[in-house]
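Notes follow the structure.
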There are 2 protein chains.
Amino acid sequence: MRSLFHEELEFISDQLVQMSRLAAEALERATRSLMEADLALAEQVITDDEQIDALRRDLENRAIDVLARQQPVATDLRQLVTALRMSSDLERSGDLARHVAKLARMRYPHVAVPEDLRPVILEMSELATQMIVRAGEVVAAHDPSGAAELQSRDDVMDRLHREVFRLLLDEGTTRPTREAVDMTLLGRYYERFADHAVSVAIRVVFLVTGSWHDEQVPLSDAGRLHRAEP
Amino acid sequence: MRSLFHEELEFISDQLVQMSRLAAEALERATRSLMEADLALAEQVITDDEQIDALRRDLENRAIDVLARQQPVATDLRQLVTALRMSSDLERSGDLARHVAKLARMRYPHVAVPEDLRPVILEMSELATQMIVRAGEVVAAHDPSGAAELQSRDDVMDRLHREVFRLLLDEGTTRPTREAVDMTLLGRYYERFADHAVSVAIRVVFLVTGSWHDEQVPLSDAGRLHRAEP
């Protein structure tokens, strides 16, 4: 029989999975609103972000309640603190999807993304969406192998991010500054979204292996982002 | 006589203050390395970021240790969880300072910032630096009035951020795309740095007033960022 604590933990884990699905859906729809200049869809994504925020608040209150009532130690305590951090990553992913939708709204009725960048932006969006769904699966299954997989997908994301800069800086193309500004921000939104998916998966590894101390290393390696820059 | 718990909490609070000072120093130096194309200084900032990361790891281990050994409840528990979140904000601020230094390094021996943008970028840097120092003071003093002050300074930051876009999009200026890309990223780094300072201060308010549930609202209002965009 499972203890009450483990039931609560499973509920919290389910909420994390749900948050990852909502974030994936938000990003997919935000990108669609961007590519099709669909104002109603963009507005929907912006409004729906509150659902992810509410899930996060609920998860946090629940985790703190469990901490106070059940006073877990050792692995149990670490699991709860890790869940708090994951919820923070997933909530931030939702924010980034909302940023994409806001760009769509700001440029409506125009399509913000110039034609030559659409394939790479679509690819970034699909990859980021898959990554956050995968991160949710890694959480649900407590599967430490998922982190390596997500890190290698993140390398693909970095390549796509560099490709955005390559296209922007291509000397043969005359491009309005506004386009360069918009696409620079957009590229960063997808890239950061993917980073949060990797963070979530890495936290699972450290939870399972217990190497708590090193958890921050891959996360704070913000250099990876800059390596993708022009 | 103070309890052992409160002594530990005070130590953790001191570490947060120290992190905020290190982040401020990192940003000030990163901006200097950027404006003076000082490669050695940029490298220093990049290396020194490890100090902030190490402080965060130490703080987290300490907080989790206190949670496990002392099993706090109610306000005491909330204080520890809040400290964990603040350390995450401050560590991220350090990363953003490092991003600025990396841009300086990438463009060396050139000064990455074009002349017409130097005054506004300097102003953003000074404001962001002051904001994170102030956030540290707010933490140390448990001063809930600090949050309103930081939010109003953040409005100034948003105006400066809009000014960056205004200058970039000024039709009278012909500008290389690379410059537009670099300045778009740079503007976002300072703006996000300031956001983290506001987050830290807001967490203090909610800690003091006990309105834990609403803590996320101002944080996830990422719309503010986008309002500053072109």
Side-chain angles (χ1 to χ4, degrees), chain A residues 46 49-50 52-54 56-57 60-61 63-64 67-69 71-74 77-78 81 84-85 88 91-92 94-96 98-99 102-103 105-106 165 168-171 173 175-185 188 212-217 219-223 225-227 229-230, chain B residues 46 49-50 52-54 56-57 60-61 63-64 67-69 71-74 77-78 81 84-85 88 91-92 94-96 98-99 102-103 105-106 165 168-171 173 175-185 188 212-217 219-223 225-227 229-230:
Chain A
I46 294 163
D49 188 43
E50 171 50 33
I52 302 179
D53 296 349
R56 183 200 171 158
R57 283 194 295 277
E60 294 199 332
N61 289 325
I64 286 162
L67 276 174
R69 279 188 298 105
Q71 313 249 322
V73 294
L77 172 57
R78 273 205 335 244
V81 174
L84 285 171
R85 290 160 158 181
S88 164
E91 193 255 341
R92 188 72 201 136
D95 288 346
L96 290 161
R98 190 163 71 146
H99 283 6
K102 286 198 170 195
L103 183 63
R105 182 171 72 177
M106 209 179 329
F165 291 122
L168 288 179
L169 299 172
D170 178 12
E171 306 248 322
T173 316
R175 203 180 285 281
T177 302
R178 177 178 297 265
E179 232 174 69
V181 169
D182 283 353
M183 293 306 103
T184 300
L185 289 169
R188 190 162 159 85
W212 177 264
H213 285 67
D214 296 318
E215 182 174 356
Q216 298 314 314
V217 177
L219 291 177
S220 60
D221 184 17
L225 179 135
H226 237 98
R227 280 211 302 278
E229 276 165 21
Chain B
I46 294 163
D49 187 44
E50 172 50 32
I52 302 179
D53 296 348
R56 184 200 168 158
R57 283 194 296 274
E60 294 200 331
N61 288 326
I64 285 162
L67 276 174
R69 279 187 300 104
Q71 313 249 317
V73 294
L77 172 58
R78 270 202 338 238
V81 175
L84 284 170
R85 289 161 161 181
S88 163
E91 192 254 341
R92 186 75 201 134
D95 288 346
L96 289 161
R98 191 163 70 147
H99 283 6
K102 289 200 166 192
L103 183 64
R105 182 171 72 177
M106 209 179 330
F165 291 122
L168 288 180
L169 299 172
D170 178 11
E171 307 247 322
T173 316
R175 203 179 286 280
T177 302
R178 177 177 297 266
E179 233 173 68
V181 169
D182 283 353
M183 293 307 102
T184 300
L185 290 170
R188 190 162 159 87
W212 176 266
H213 285 68
D214 296 319
E215 182 174 355
Q216 297 315 316
V217 177
L219 291 177
S220 60
D221 183 17
L225 179 137
H226 237 100
R227 280 210 302 278
E229 277 165 19

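Throughout, a chain's letter reflects where its sequence line sits, starting with A, and its residues are numbered from 1. This structure is a prediction, so every number in the text was calculated from the model and none was measured.
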Counting C-beta onward and ignoring hydrogens, is there a side-chain heavy-atom pair between A/V81 and B/L84 closer than 4.5 Å? yes

Are side-chain heavy atoms of B/V73 and A/Q71 found at a separation under 4.5 Å? yes

Would you give the length of the straight line joining atom [atom1] of [X] to atom [atom2] of [Y], rounded to the nearest 0.5 angstrom?
X      : Y      : atom1 : atom2 : answer
A/T177 : B/E171 : OG1   : CD    : 9.0 Å
A/R178 : B/T184 : CZ    : OG1   : 11.5 Å
B/L77  : A/I64  : CG    : CD1   : 6.0 Å

Relative to chain B, which segment of [X] carries a heavy atom at a distance below 4.5 Å: side chain, backbone, both, or neither?
X      : value
A/L96  : side chain
A/P176 : neither
A/I46  : neither

Options B/A63, B/A68, B/A180, ranked by heavy-atom pairs under 4.5 Å with chain A, top entry: B/A68

